[in-house]
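Written out below as structure tokens is the structure these notes cover.
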Amino acid sequence: MRTVYVVTHPEATHHVDRLVGGWFDSELTADGERAAAAVAESLRAKVPGEVELYSSDLRRTARTAELIGERLGVTPILDPRLREKSYGEAGGRPQAWLDGRFVPPPAVGDRLGHDEGIPGAETKGAMAARVYAAMESILESRCEHQVVVTHGGALTFVIAAWIRMPLESAGYVDFRGSPGSVTVLREDDYFHNRQVVTLAGIGHLPTGETDR
């Protein structure tokens, strides 16, 4: 039986500074470090035996993965395909800058290829395609326990890839996860059905972190 634990990085500096994240390379805050340690301890209690650890290469996720790896005795494999959506020129700017220029997707039509009006930003389709590709590579391994450290936005496409949602159907999908959450995915050995056992659980976080 395969189990995949998907971790969204905890609080980072761009959260508290109210800046656009995306590929902007922010770091974990002190609270984020404590939450990452709590995630690591929780996983150490749940994950038996051999485990593989994959992570986005941005500093906030790589640091989260580093702390998890220390507890699990494994070195993270960094993969830029697990990054958050790129917001192009908006990355690192005040959130208000993006909000004033953002063009929301249409209710119907080409949502995956939609231009959000921000120079250099990824489309939803481009982001989905790279996250799907990352998950395809990860799932080629037959290791029964895997941890994937990513971002709140990328979580949607990690799960969509897991349940084998066709990429062309992913224009409306949205799975929400708070910073520091853990989603548990499981595939049984008989039917090979793929479950979402827990979506974005935060019960492991220290008191005061769960409302961030």
Side-chain angles (χ1 to χ4, degrees), residues 1-10 35-36 38-58 61-62 64-85 112 124-205:
M1 182 173 296
R2 184 204 297 265
T3 305
V4 182
Y5 302 87
V6 188
V7 178
T8 56
H9 71 82
V39 171
E41 289 297 333
S42 175
L43 290 174
R44 185 172 69 169
K46 294 176 181 177
V47 179
E50 181 183 359
V51 60
E52 295 175 345
L53 174 58
Y54 301 89
S55 175
S56 158
D57 65 335
L58 294 177
T61 39
T64 303
E66 179 183 7
L67 291 171
I68 293 170
E70 289 174 358
R71 303 305 195 281
L72 299 182
V74 63
T75 301
I77 298 170
L78 302 183
D79 189 337
R81 295 176 298 179
L82 291 170
R83 287 183 178 190
E84 184 60 282
K85 172 179 159 56
L112 290 174
K124 189 173 185 178
M127 177 190 179
R130 64 171 166 79
V131 176
Y132 269 52
M135 287 300 294
E136 182 177 359
S137 297
I138 290 168
L139 296 176
E140 285 177 354
S141 167
R142 296 311 304 167
C143 184
E144 291 190 352
H145 300 280
Q146 297 172 303
V147 177
V148 176
V149 183
T150 189
H151 306 258
L155 172 66
T156 283
F157 298 117
V158 169
I159 298 173
W162 169 256
I163 62 176
R164 293 186 176 273
M165 176 181 290
L167 180 59
E168 60 270 20
S169 300
Y172 289 91
V173 65
D174 183 20
F175 295 103
R176 296 296 179 96
S178 301
S181 70
V182 178
T183 293
V184 181
L185 310 174
R186 185 165 293 136
E187 178 182 358
D188 71 85
D189 292 331
Y190 187 76
F191 292 105
H192 296 284
N193 290 331
R194 293 187 173 184
Q195 304 173 357
V196 180
V197 179
T198 304
L199 176 60
I202 55 173
H204 53 275
L205 293 179

Which residues pass the side chain to side chain contact (heavy atoms under 4.5 Å, CB included) test with Leu112, sequence neighbours left out?
-> Asp110, Lys124
Could you pull out all residues at least two apart from Thr8 that satisfy side chain to side chain contact (heavy atoms under 4.5 Å, CB included)?
-> Leu155, Ser181
Residues in side-chain hydrogen bond (donor to acceptor under 3.5 Å, both in side chains) with Tyr5, at least two apart?
-> none
Which residues satisfy the salt bridge (charged side-chain N to carboxylate O under 4.0 Å, His left out) test with Glu52, sequence neighbours excluded?
-> none
Under the side chain to side chain contact (heavy atoms under 4.5 Å, CB included) rule, collect the residues that match up with Asp189, sequence neighbours excluded.
-> Met1
Which residue pairs pass the side chain to side chain donor-acceptor pair (under 3.5 Å) test when at least one of the two sits in residues 157-170, sequence neighbours left out?
-> none
Do Tyr54 and Thr150 come within less than 4.5 Å of each other through their side chains, counting heavy atoms only?
-> no
Any pair with a residue in residues 130-156 that passes ring-ring contact (aromatic ring centres under 6.0 Å, His included), sequence neighbours left out, goes on the list, sorted by first then second residue, please.
-> His9-His151
Considering residues at least two apart in sequence or located in another chain, which fulfil the salt bridge (charged side-chain N to carboxylate O under 4.0 Å, His left out) criterion with Arg186?
-> none
Provide the full list of salt bridge (Lys or Arg N to Asp or Glu O under 4.0 Å) pairs with a residue in residues 138-154, sequence neighbours left out, each pair given once.
-> none
Determine whether Leu53 and Leu72 make a side-chain contact, defined as any pair of heavy atoms from C-beta on separated by less than 4.5 Å.
-> no
In chain order, what residues pass the side chain to side chain contact (heavy atoms under 4.5 Å, CB included) check against Asp57, with sequence neighbours excluded?
-> Leu78, Pro80, Arg83
Quick one: which residue pairs count as a salt bridge (Lys or Arg N to Asp or Glu O under 4.0 Å) with a foot in residues 169-180, not counting sequence neighbours?
-> Asp174-Arg176
Who are the salt bridge (charged side-chain N to carboxylate O under 4.0 Å, His left out) partners of Glu187, not counting sequence neighbours?
-> Arg2, Arg194
